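Worksheet: the structure to be examined is printed underneath.
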Amino acid sequence: MIYSRETDNKWQSFWESKKVFAIDVKNSAKPKYYCLVMFPYPSSELHVGHARNYIIGDAVARYKKMHGFYVLNPMGWDAFGLPAENQAIKHKIHPREWTLKNIKKITEQLKGWGIGYDWSREITTCLPVYYKWTQWIFLKLYNKGLAYRKEAPVNWCESCKTVLANEQVIEGRCERCSTEVKQKVLRQWFFKITDYAQRLLDDIKLLEQWPERVKTMQNNWIGRSEGVGIDFVVENSKIKLNCFTTRVDTIFGATFLALNWGHASLEELIKDSPSKKDIEKFIEKIKGESLSPRRLENLAKEGIFTGKYALNPMTGKKIPIWIANYILAGYGSGAAMCVPAHDARDFEFAKKYKLPVVEVVKAPQSQANSKQLKKAYEGEGLLVNSGKFDGLSSKKAKVNIADYMEANNIGKRGLNYKLRDWLVSRQRYWGAPIPIIYCPSCGQVPVPEGDLPVLLPEVKEFLPTGKSPLTYIDEFHKTKCPKCGAKARRETDTMDTFVDSSWYYLRYISPREANKPFITKDIDKWLPVDQYIGGVEHAILHLMYSRFINKFLMDEGLVKSPEPFKRLFTQGMIVKDGAKMSKSKGNVVSPDYILNKYGADTMRLYILFMGPPQKDAEWQDEGLQGIWRFIQRALRLVDVLGEYKAGAGPKEYNLQEKNLLKKIHSTIKEVTRDLEGNFQFNTAISRVMELVNQTYKSLAQGSLRKEIFKEAVDTTFLLLSPFTPHISEEVNEILGNKSSILNRSWPKVDENHLKEEELEVAVLVNGKVKAKLKINVNWPQEEIKSKALALEKVKKLLSQKPPKKVIYVERKIINIVA
RNA sequence: GCCGAGGUGGCGGAAUUGGCAUACGCGCCGGUCUCAAAAACCGGUGGGGGCAACUUCAUGCGGGUUCAAGUCCCGCCCUCGGCACCA
């Protein structure tokens with residue numbers, strides 16, 4: 001059989017015209033299987049690096065279909081957001097035009113690779129029919145107080161001219177353009193994901209089938225810590241500064257407080273300070289400091305005294321209140337009690353500004369003779385200088401001091417999370433408008449549900465200015481208050497694109513529904529997603545946001561499943577010459593070239609064969625060539641079979657037939673195990689290669705009856721069909737099957753062919769292989785052992801002495817200890 | 001610093017969980033075909049030693065358990081990924 005691009009086209013048209021992959025969500029004749037690949041950002045053509053994702057997803061979907069599942073495998077487009085807008089500015093066309101053009105191109109590519117999607121469910125997040133419901137979800141959150149607007153220190157990217165969510169700041173830099181992110185105080189929209197922190201943390205345990213590292217990353221990102229929130233009373237003032245600490249056992253060593261420059265009470269604290277000017281100057285200076293870790297390493301701790309004192313509630317002593325550049329804004333209240341003796345940062349700060357260092361925890365082994373601490377001791381130990389708590393262990397002291405504080409209204413046990421509320425407003429054009437109206441008399445008013453969608457207007461200029469381009473469109477922002485009818489102004493910020501993608505997997509179930517975002521009854525049937533596949537770069541961002549939105553929708557009674565994605569598979573990157581493929585590096589491998597030269601199945605099979613799919617893999621053209629050879633070699637068998645003439649054999653199978661049957665069925669067994677485990681496509685494929693090799697070997701050894709030969713060929717292409725659907729369909733047809741190979745079931749193992757009575761075991765002397773022995777499994781152990789001992793080779797090595805011990809491991813080895 | 005994954009031929013990688021290390025593929029070597037080359041096909045291929053049967057050393061390093069260790073235990077080294085001034 002000759003495999004060419006014609007074969008690809010033939011079967012792609014067949015699948016499309018027969019609507020093989022279209023499903024009806026109401027149909028429940030078979031068990032459902034929701035296979036989902038993370039939908040792409042349509043920002044350019046796809047290269048082979050991108051292809052891995054879709055090929056894995058398609059292989060899974062086809063495999064499950066052959067196992068009798070009713071498989072939903074949809075595709076859509078994450079089409080809003082900064083990259084599209086930036087690219088559109090560069091190419092001087094409207095983001096929508098540019099995006100839709102890319103979608104068209106990528107669709108053709110995916111179809112050309114034979115990926116079997118239900119295209120009738122295609123969704124595009126930048127179209128009003130979709131973002132209407134993104135806005136609807138915003139309003140739902142708003143009504144529950146989970147979408148709110150407040151002034152807060154936020155991350156600002158000077159190059160993208162917009163704010164960013166915490167999760168979009170990677171090592172202190174903008175996720176998209178790598179510009180160092182600055183802090184600014186701005187009034188912005190947030191989703192209160194922190195309300196769900198504990199549930200997001202607890203439910204990680206429901207994600208049994210997720211990669212360990214992704215779960216760990218989420219765990220760390222949520223970053224729960226237990227401690228005590230202590231109220232420090234400011235001297236001569238009504239202000240109380242609440243400081244969270246996990247080390248309440250060190251409270252007697254708290255010799256100063258430090259505040260973030262954006263702390264809520266700061267203005268009040270310094271309003272009548274004589275050095276107010278200096279303090280303000282200092283704040284201006286540290287405001288601009290970058291937060292990238294590289295800078296942080298070199299960044300000296302700096303601060304300024306506010307002129308005010310607080311009282312240490314345990315010692316009763318006055319302790320100065322400072323503003324310091326190392327105090328984070330969003331953690332706790334943005335104020336910390338500082339214990340220089342037991343915290344490295346506080347120690348550095350105290351040394352610099354000559355603040356007192358009071359040691360209150362002694363390391364268990366150390367003797368109290370070092371008067372001067374050289375560095376902070378951060379471990380646990382026994383308390384000293386701590387009044388009536390002296391002598392207690394840190395552990396015990398944490399309990400006792402917290403009890404004491406709670407009894408005396410000094411502090412309260414509490415929790416803190418590193419997770420911050422999700423900042424969702426963006427000062428950019430290409431996103432879903434936030435459905436809020438500002439009325440001079442009614443204040444903040446949500447757009448009534450019936451007025452949705454708030455359409456994104458046509459804009460000619462959308463260069464980033466730091467304000468949303470919508471600010472300049474009068475027809476857009478000038479509106480009437482839905483409550484009182486007075487002149488009002490629309491919100492001009494748009495939503496973070498991660499809001500769009502946080503619920504798309506629900507929309508696939510009822511993509512054309514006009515009155516609701518989705519139909520709960522159908523969702524409850526199809527959710528959770530059985531297998532989610534995508535890049536590990538979304539381990540926190542998208543996967544945390546989706547879990548949050550899903551839980552919120554569950555609280556609203558709109559979905560039943562507490563988690564959206566049951567199983568998650570994160571595939572590795574394909575690299576070339578040791579680097580990620582990119583146009584600028586010039587190491588992009590174009591699929592078009594491969595398709596024309598070798599066909600889609602060669603590319604698919606090679607990508608699956610490259611290595612374990614969860615690991616990065618290096619693209620090598622030679623490897624692709626090898627797969628091409630294998631495919632040709634396998635297809636040649638089809639031709640040989642076509643012309644094969646063999647008379648009916650005797651009743652008993654001959655040796656080569658037995659070998660081949662055994663190989664066929666052990667291959668089915670092992671390939672199935674590889675795929676049921678963790679998608680070990682690479683080993684599954686290598687086993688089919690072995691089957692093909694064995695078929696040639698058996699043919700060379702003597703004649704086979706035709707049905708066994710045919711079974712070998714048929715099994716080969718059935719097992720390959722999730723990976724190489726085009727040639728498998730073709731062979732399936734040649735072998736005389738009338739319907740698509742997708743309608744056939746996965747081959748079954750016949751254990752009879754795996755049983756064998758005669759086999760060869762290794763004979764080891766002192767743990768090293770020295771000989772082989774043919775045995776019959778029915779022989780008694782003693783016979784097998786004595787046969788092994790009777791081997792010439794063994795006798796020589798034992799040199800007449802009796803062996804110390806002989807161990808027989810069934811069907812495997814005989815180890816003789818000399 | 002903390003958390004996670006990993007270290008096996010010239011290369012990508014296997015190894016049914018303690019039982020014949022290096023499956024499968026790439027590359028390399030030899031052969032067939034050809035005037036020749038490429039492609040294709042067939043065979044060989046962990047390192048050292050030996051004409052050879054054979055022998056010896058090999059799964060990051062050092063110990064240990066065991067008849068038997070890539071796999072288990074103890075102690076190190078290195079690489080990759082994530083988080084990181086979180087009080």
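Just so it is clear, the structure is predicted and the values come from calculations on it, not from any experiment. Computation of the quantities below employed the complete heavy-atom set of this structure, encompassing side-chain atoms and omitting hydrogens, waters and symmetry-equivalent molecules. Chain naming here is simple, since letters A, B, ... match the order of the sequence lines and numbering starts at 1 in each.
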Students often get this wrong, so: under 4.0 angstrom with heavy atoms, is [X] touching a base, only sugar-phosphate, or nothing?
| X | value |
| --- | --- |
| A:Phe609 | base |
| A:Ile327 | base |
| A:Pro612 | sugar-phosphate |
| A:Lys770 | sugar-phosphate |
| A:Arg345 | base |
| A:Lys768 | sugar-phosphate |
| A:Glu760 | base |
| A:Gln632 | nothing |
| A:Glu618 | nothing |
| A:Gly223 | nothing |
| A:Arg636 | sugar-phosphate |

Under 3.5 Å for both donor-acceptor distances, Watson-Crick or wobble: does [N] have a partner, and if so which one?
| N | value |
| --- | --- |
| B:rU45 | B:rG27 |
| B:rC83 | B:rG1 |
| B:rA21 | none |

Requested in this report: Return the 5'-most residue of the pair A:Asn693, A:Ile807 with respect to RNA chain B, ranking by each residue's nearest nucleotide.
Outcome: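 This one resolves to A:Asn693.
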Query - Most 5' of A:Val169 and A:Ala617 on RNA chain B, judged by nearest nucleotide - result: A:Ala617
Query raised in the report: Reckon A:Thr216 has a side-chain N or O less than 4.0 Å from the OP1 or OP2 of B:rG82?
Result: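 For A:Thr216, the contact criterion (side-chain N or O under 4.0 Å from OP1 or OP2 of B:rG82) is not met.
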Query raised in the report: Does a nitrogen or oxygen in the side chain of A:Arg629 sit under 4.0 Å from OP1 or OP2 of B:rC26?
Result: yes
Between [N] and [M], how far is it from one [atom1] atom to the other, in whole Å?
| N | M | atom1 | answer |
| --- | --- | --- | --- |
| B:rG4 | B:rC41 | P | 48 Å |
| B:rG18 | B:rU71 | C1' | 7 Å |
| B:rC74 | B:rA23 | C1' | 33 Å |
| B:rC33 | B:rC26 | P | 23 Å |
| B:rA68 | B:rU17 | C1' | 15 Å |
| B:rG81 | B:rG75 | C1' | 25 Å |
| B:rC80 | B:rU8 | P | 14 Å |
| B:rU59 | B:rA21 | P | 12 Å |

Report summary line: Picking from B:rG4, B:rG82, B:rG19, the nucleotide nearest the side-chain atoms of A:Asn815 would be B:rG19
Report summary line: Of the candidates B:rC26, B:rA23, B:rC86, the side chain of A:Ser686 sits closest to B:rA23
Is it true that [X] and [Y] make a salt bridge, defined as a side-chain N closer than 4.0 Å to a carboxylate O?
| X | Y | value |
| --- | --- | --- |
| A:Glu380 | A:Lys398 | yes |
| A:Lys669 | A:Glu751 | yes |
| A:Arg345 | A:Glu348 | no |
| A:Arg224 | A:Glu226 | yes |

Requested in this report: Tell me whether B:rG9 sits syn or anti, counting syn as a glycosidic angle within 90° of 0.
Outcome: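 Here the answer is syn: the torsion falls within 90° of 0.
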Report task. Evaluate the ring planes of A:Tyr606 and A:Trp619, with Trp represented by its six-membered ring, and classify them as parallel (under 30°), tilted (30 to 60°) or perpendicular (over 60°). Result ->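 Because their plane-to-plane angle is over 60°, the rings of A:Tyr606 and A:Trp619 count as perpendicular.
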**Report entry** Euclidean distance, atom CG of residue A:Leu699 to atom P of B:rC42 [Å, nearest integer]
**Finding:**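 Computing the A:Leu699:CG to B:rC42:P distance gives 12 Å.
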Query raised in the report: So, does the side chain of A:Lys804 form a donor-acceptor pair with the base of B:rC67 at under 3.5 Å?
Result: no
Query raised in the report: Quick one: is the NZ or CZ of A:Lys785 closer than 6.0 Å to the six-membered ring centre of A:Tyr808, and within 45° of its axis?
Result: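 No, a cation-pi geometry is absent between A:Lys785 and A:Tyr808.
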Requested in this report: Start with the C-alpha gap between A:Phe609 and A:Phe681, add the side-chain angles, then the distance that decides, and say whether ring pair (Phe, Tyr, Trp, His ring centres under 6.0 Å) holds.
Outcome: CA-CA 6 Å; A:Phe609 182 65; A:Phe681 302 112; over 10 Å; no
